[in-house]
There are 2 protein chains.
Amino acid sequence: MSLPLSYKLILMAKAKTKKIVVEETSTEEKIKEAAKKLFTRKGFAATRTRDIAEEAGINLALLNYYFRSKQKLFDIIMLENFKQFIQGITVKVYDETATIEEKIEKIATAYIDFLTLHPDLPLFILNELRGNPSDIAEKINEEVAPMRLHLMKQLQNASNAGKIPAIDPFHFVANVIGLTVFPFVAKPILQRVTSVGDDRFQTLMQERKKLVPLWIKAMLAVK
Amino acid sequence: MSLPLSYKLILMAKAKTKKIVVEETSTEEKIKEAAKKLFTRKGFAATRTRDIAEEAGINLALLNYYFRSKQKLFDIIMLENFKQFIQGITVKVYDETATIEEKIEKIATAYIDFLTLHPDLPLFILNELRGNPSDIAEKINEEVAPMRLHLMKQLQNASNAGKIPAIDPFHFVANVIGLTVFPFVAKPILQRVTSVGDDRFQTLMQERKKLVPLWIKAMLAVK
DNA sequence: GTCTATATTCTGATAGAC
DNA sequence: GTCTATCAGAATATAGAC
């Protein structure tokens with residue numbers, strides 16, 4: 001039974017305080033795992049609580065016993081997913097010792113590795129973020145705000161120092177994230193259009209870890 | 001009451017055979033318009049037939065009278081949306097007189113204009129395409145197959161002639177479409193991260209009509 | 001073709017036994 | 001904590017009058 005690392009760590013931490021051996025996954029965790037799997041794959045509206053219960057190997061009533069409602073369970077998963085999604089990028093952005101170009105390489109590599117493991121995540125986030133305007137938007141803002149300031153400042157500094165030409169931060173972010181994330185978001189349609197199978201897709205994504213930074217560098221030299 | 005151009009043309013064609021004056025939108029068209037609006041914005045599962053009926057200004061029973069079921073109505077909208085989405089690109093790709101670089105510019109411009117008018121379309125397609133594996137996949141293949149051959153051939157020729165370096169068609173397509181479409185797909189999150197309002201977003205998208213072709217050209221020179 | 005009223009199915013949530 | 005059984009409401013679809 002494979003678990004997200006974060007869960008395992010929590011379990012181990014709990015276990016440490018009582019026993020030495022890591023115990024079986026708790027019912028609550030099993031439900032969360034099942035919910036994350038289905039919500040992430042099919043979205044809120046298309047996922048039925050019955051399916052989550054079945055996937056978790058427990059009864060429907062138990063789901064409500066632990067989480068009170070479908071919406072509350074979803075909110076938890078949504079927030080976890082979003083944090084997980086930007087967590088990969090956060091550490092890299094804050095690295096004071098890295099230049100912009102080094103950061104791009106680290107971010108692209110980390111993200112492609114991450115998305116290879118969680119290919120459904122970005123589409124889920126883009127999707128569920130569109131319907132809920134101000135619901136969880138605030139929490140997201142809190143997570144993102146300091147990162148924005150940091151990145152803007154570094155871009156401005158690099159531009160002032162003449163290291164890179166002035167580029168609008170929006171274009172910069174859209175391009176880095178777009179080149180990295182889009183192939184995963186559009187995977188089904190891209191594979192169809194280009195006749196690329198699953199194995200070849202994986203290989204191409206590995207290639208992009210090297211290519212995206214080179215491409216971005218070349219783009220920064222434009223105009 | 002603003003109608004999609006295609007509808008207007010159909011109506012005008014019909015009208016030509018009988019009367020001179022273009023008549024009011026038919027009930028069937030009104031339902032389809034309402035369905036397209038809601039399905040595209042919220043997806044299949046989150047859209048209720050009641051809402052479609054209300055949006056169309058008719059009764060719920062009438063929806064089933066015309067389309068028999070929610071699923072059948074959705075399938076029609078889905079196919080129309082998809083055709084509309086790739087239709088913009090199709091003409092440009094087949095233009096025998098244009099070089100690869102000219103095509104990129106035409107495609108980027110046409111797509112950004114199109115997406116400005118229909119910002120919800122790409123996310124809708126990416127989304128609903130993920131759940132339905134082989135359902136409408138075949139019809140999509142039929143639409144896309146000849147375009148794939150044409151594009152691959154031109155890329156190969158340009159590469160052989162030494163005009164551009166060899167690049168995997170997958171990377172090429174992913175990059176062009178990614179740089180063009182991704183900002184619209186990720187609009188809410190990108191706006192949040194970069195503190196960009198709606199007006200500024202529109203301006204930036206207009207900028208990209210010029211920038212994307214330049215960027216792609218610069219990327220093609222890499223390595 | 002269009003409506004009102006109703007049937008039918010689905011789904012989230014709860015009551016209550018164990 | 002976990003289960004079975006069931007309720008209440010929602011959502012799709014149909015019957016039948018006009």
Side-chain angles (χ1 to χ4, degrees), chain A residues 1 7 10-11 14-15 18-19 22-78 128 131-132 135, chain B residues 1 3 7 10-11 14-15 18-19 22-78 127-128 131-132 135:
Chain A
M1 192 175 296
Y7 291 0
I10 291 170
L11 284 175
K14 281 184 183 170
K18 293 192 174 182
K19 325 169 196 175
V22 173
E23 51 194 312
E24 280 298 297
T25 319
S26 72
T27 301
E28 191 175 345
E29 292 297 337
K30 277 195 290 188
I31 297 173
K32 272 178 69 175
E33 268 188 79
K36 174 172 281 196
K37 178 176 173 183
L38 295 183
F39 278 142
T40 306
R41 191 174 291 169
K42 315 203 299 172
F44 176 79
T47 301
R48 290 175 316 201
T49 50
R50 281 171 162 75
D51 294 335
I52 296 175
E54 190 186 4
E55 174 77 28
I58 52 95
N59 190 275
L60 171 59
L62 218 48
L63 187 151
N64 289 73
Y65 172 78
Y66 278 104
F67 297 96
R68 279 191 53 89
S69 78
K70 179 187 180 183
Q71 185 64 52
K72 289 211 195 317
L73 176 55
F74 177 80
D75 289 344
I76 291 170
I77 302 299
M78 176 69 193
E128 304 294 339
N132 313 21
D135 244 29
Chain B
M1 189 174 296
L3 294 174
Y7 291 1
I10 292 170
L11 285 176
K14 280 184 183 169
K18 291 192 175 181
K19 323 167 197 176
V22 174
E23 51 195 312
E24 281 297 297
T25 319
S26 72
T27 300
E28 190 175 344
E29 292 297 337
K30 277 195 290 190
I31 297 173
K32 271 177 69 173
E33 269 188 78
K36 174 172 283 195
K37 179 177 172 182
L38 295 183
F39 277 144
T40 306
R41 190 173 291 168
K42 315 203 298 172
F44 177 79
T47 300
R48 291 174 315 195
T49 50
R50 279 173 163 74
D51 295 334
I52 296 175
E54 189 186 4
E55 174 78 25
I58 53 94
N59 190 276
L60 171 60
L62 219 48
L63 187 150
N64 288 72
Y65 172 77
Y66 279 105
F67 298 96
R68 279 193 53 89
S69 78
K70 179 187 181 183
Q71 185 64 53
K72 288 209 193 321
L73 176 54
F74 178 80
D75 290 344
I76 291 171
I77 303 298
M78 175 70 193
N127 235 311
E128 304 294 339
N132 313 22
D135 246 28

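Note on naming: letters A, B, ... go to the chains in the order of the sequence lines (proteins, then strands), and numbering restarts at 1 for each one.
In this structure, Ile31(A) atom CD1 and dG1(D) atom P are separated by 11 Å, rounded to whole Å. As a whole-Å value, the separation of Ile58(B) CD1 from dG1(C) P is 13 Å. Atom-to-atom, OH of Tyr66(A) to C1' of dT2(D) comes out at 8 Å; the value is rounded to the nearest Å. If you measure from atom CG of Asp51(A) to atom P of dT11(C), you get 8 Å, rounded to the nearest angstrom. Rounded to whole angstrom, the span from the CD atom of Glu54(B) across to the C1' atom of dC3(C) amounts to 16 Å.
Of all heavy-atom pairs spanning Ser69(A) and Asn64(A), the tightest one is CA-ND2, 4.3 Å.
Checked against side chain to side chain donor-acceptor pair (under 3.5 Å), Thr27(B) has no partners two or more places apart in sequence or in another chain.
Between Phe67(A) and Lys32(A) there is a side-chain heavy-atom pair separated by less than 4.5 Å.
Ring geometry, Phe39(B) versus Phe74(B): the interplanar angle exceeds 60°, so the pair is classed perpendicular (tilted spans 30 to 60°).
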Report task. At under 4.0 Å between heavy atoms, which parts of nucleotides 12-18 of chain C does protein reach? Answer with one letter per nucleotide, 5' to 3': B base, S sugar-phosphate only, - none. Result -> BBBB---

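Sorted by first and then second residue, the salt bridge (Lys or Arg N to Asp or Glu O under 4.0 Å) pairs involving residues 63-74 of chain B (not counting sequence neighbours) form an empty list. The side chain to side chain donor-acceptor pair (under 3.5 Å) analysis of residues 45-60 of chain A, with sequence neighbours excluded, yields the pairs Lys37(A)-Glu55(A), Arg48(A)-Asp51(A).
For dT2(D), one of the phosphate oxygens OP1 or OP2 lies less than 4.0 angstrom from a side-chain nitrogen or oxygen of Thr27(A).
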